[in-house]
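To start, the structure itself, in structure tokens.
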Number of protein chains: 2
Amino acid sequence: MSISTVSRVINNTAQVAPEKREAVLNAMKELNFRPNSFAQALVSKRSNCIGVLVGDLCGGPFFAQMMLGIEQVVDRVNKFSIVITGNHDEHRERHAIDTLLQRQCDALILHSMALPDEELAELVKRDTPVVFVNRLVKGAEDRSIWFDNAEGCRVAVRHLVEQGHSRIAFITSDDQSFVDAQQRFAGYRQGLQDAGLPFDESLVVKAYPDEVGGHVAVKELLDRKAEFTAFVGYNDAMAAGAISYLLENGIQVPGQVSAIGFDDIPYVRFIHPKLSTIRYPIEKMGEQAAELAVRLLDNKPVDGLRLKFEPELIERNSVKTR
Amino acid sequence: MSISTVSRVINNTAQVAPEKREAVLNAMKELNFRPNSFAQALVSKRSNCIGVLVGDLCGGPFFAQMMLGIEQVVDRVNKFSIVITGNHDEHRERHAIDTLLQRQCDALILHSMALPDEELAELVKRDTPVVFVNRLVKGAEDRSIWFDNAEGCRVAVRHLVEQGHSRIAFITSDDQSFVDAQQRFAGYRQGLQDAGLPFDESLVVKAYPDEVGGHVAVKELLDRKAEFTAFVGYNDAMAAGAISYLLENGIQVPGQVSAIGFDDIPYVRFIHPKLSTIRYPIEKMGEQAAELAVRLLDNKPVDGLRLKFEPELIERNSVKTR
DNA sequence: CTGTTAGCGCCTTCAT
DNA sequence: ATGAAGGCGCTAACAG
């Protein structure tokens, strides 16, 4: 029997005599045969792989959740994701995208934190579909799945104001080159302005955006003798770290200081006090990004997909209500 | 100029006239040319990919940390990791391994939770190198990077006993089909036995091994009116969830109940009280697994690699000391 | 329904 | 130092 017959049964691409079909299937089992995916990809021009660029896999649960959303749909359409980390670095991100492209990925889902909009927008002109997640890329708005960061911080501040706070600190990232950081900062200022509150530089502290950074930052705030009755954290990790430090130093949360985080990562509802936060629906966003990518590469219509995501305030116990 | 000349400059595989070399390089830039990795892989029989099977990417920081260790070395040797999740399910794990193999991965790093030892041991007989991480596979001891789970729980119990506890509960996973769970349970019993303490069935509760499960489990313990002054958690997540529940219900930790976790995931030093735990050096283990895989596929000597990892007690504030 | 043929894009002898 | 030719394993027409 010829080699094409085999190909036919493997791909179900034409009618084959049931007996031969059986024979092939049996032989495949016996010999433990697996078609060489590279040969397949070479001729079919389809790798069945979707390339994913993420910031990191270990800087918290954030990306992991995004990946979960992505994998769900990639899995559903029987494709594969090959993920690579850019480590928030411009050169590495560029190199990663290059690699993904060279690997003949059928589509790309990019979470770029360091590359400029123009460069990213260029990418969509190529022939492999590209989708951006977690960022609104100018010039590629229809390919961007994004979250309104500024609005998120604004909502957080508003909530605090509603609870009677007027001295609201902002514990943020020391790397303001990321759009996220800039936007959240802008939202904080906007929130203050909305409430007719003055912006006070001495109430903002910057540190590495993780739990330790939160520790460091709030300590700095205390050292400065800044007067504040509440703070909003750049992310939950910083907020958790800050709370931990306050508690250690006998400052009650939310008794003396109210706290509100950002992201709603899973564990913050298990810390004490449970952290109020702004939900960032990252898993859903990953899902939508993947969905968009998949439709793009299948030339299917892309309407009905949500591109912009809105913040939602999650009230738990870290804010003293009045 | 011929196509083989181009190949030669790309791979640096033979001397080429400097001028031609230049010309090729320039043309590559101009045309934005990238060699087709599938064609390369097809002929060279090397994909430069290392396949990784993990339980999940989102069930906590555990796997993410493992991936970090793996990626570090994979990156160093200029290879690629393609990761796939098995979701702790036998069939899915089997299918995942199949896929990885079909993808012509140069080597496999497997974190299998559900497949039996025999099946795993069979894999190493194939021609692509296979390494197991986080599990001691019988028949493939020299390919297993593992952690002494039983000893970990034993150490935990011993520590609690040393602090004067004798009523020590065990909050564990409801899926005892995983080796980890069995081993940790065995360690708990061993620890009791070491101390001459009786094993009391009413002190062990099972639930889904995450924060919510910890909640549920400790509630069950309370509902049973079990008397206990300490517990060891199957993992940090469960311990954190349990503590959260206790605190909510006015039970002081560690005042009335001491707690000890397992894994030492990053966030537990920021919860209140800071969680004492058994460190599981998962990142390092990922690193070693990758190192082993890389050496194997390069036919390099594999000595000097650490295969077995030992538990280490991390004392923080969740255990009342006397 | 089935076998034959022609590549997919690249690397690797083998001559030159 | 360079070009020509063969083949990696597979799929997709094209004939029967």
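What you are looking at is a predicted structure, and each value in this text was computed from that prediction instead of being measured. When reading the values below, keep in mind they use all heavy atoms of this one structure, side chains included, and skip hydrogens, waters and symmetry mates. Reminder, nothing fancy here: chain letters follow the sequence lines and each chain counts from 1.
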Nucleotide by nucleotide, nucleotides 8-16 of chain D touches protein heavy atoms under 4.0 Å in the pattern (B base, S sugar-phosphate only, - none) BBSBBB---
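Side-chain atoms of Q104(A) and S47(A) include no donor-acceptor pair closer than 3.5 Å.
For the ring pair (Phe, Tyr, Trp, His ring centres under 6.0 Å) with F147(B), the lone residue among Y280(B), F309(B), F132(B) that qualifies is Y280(B).
Taking D142(B) as the reference, nothing meets the side chain to side chain donor-acceptor pair (under 3.5 Å) condition, with sequence neighbours excluded.
When the shell of 6.0 Å around CZ of F178(A) is examined, it contains more than 12 heavy atoms from other residues, nucleotides or ligands. Atom CD1 of I3(B) is surrounded by 12 or fewer heavy atoms from other residues, nucleotides or ligands within 6.0 Å.
Dashed line: the shortest gap from a side-chain N or O of T5(A) to OP1 or OP2 of dC1(C) is not under 4.0 Å.
Salt-bridge formation is detected for the pair R92(B)/D75(A): a Lys NZ or Arg NE/NH1/NH2 atom is positioned less than 4.0 Å from an Asp or Glu carboxylate oxygen.
Of the possible polar contacts, one joining the R135(A) side chain to the S112(A) backbone as a donor-acceptor pair under 3.5 Å is found.
Contacts between residues 14-24 of chain A and DNA chain C, defined by a heavy-atom separation under 4.0 Å, are made by Q15(A), V16(A), A17(A), K20(A).
Protein atom CD of Q104(A) is 12 Å distant from nucleotide atom C1' of dC10(C), rounded to whole Å.
Aromatic ring orientation, F63(A) versus H111(A): tilted (interplanar angle from 30° to 60°).
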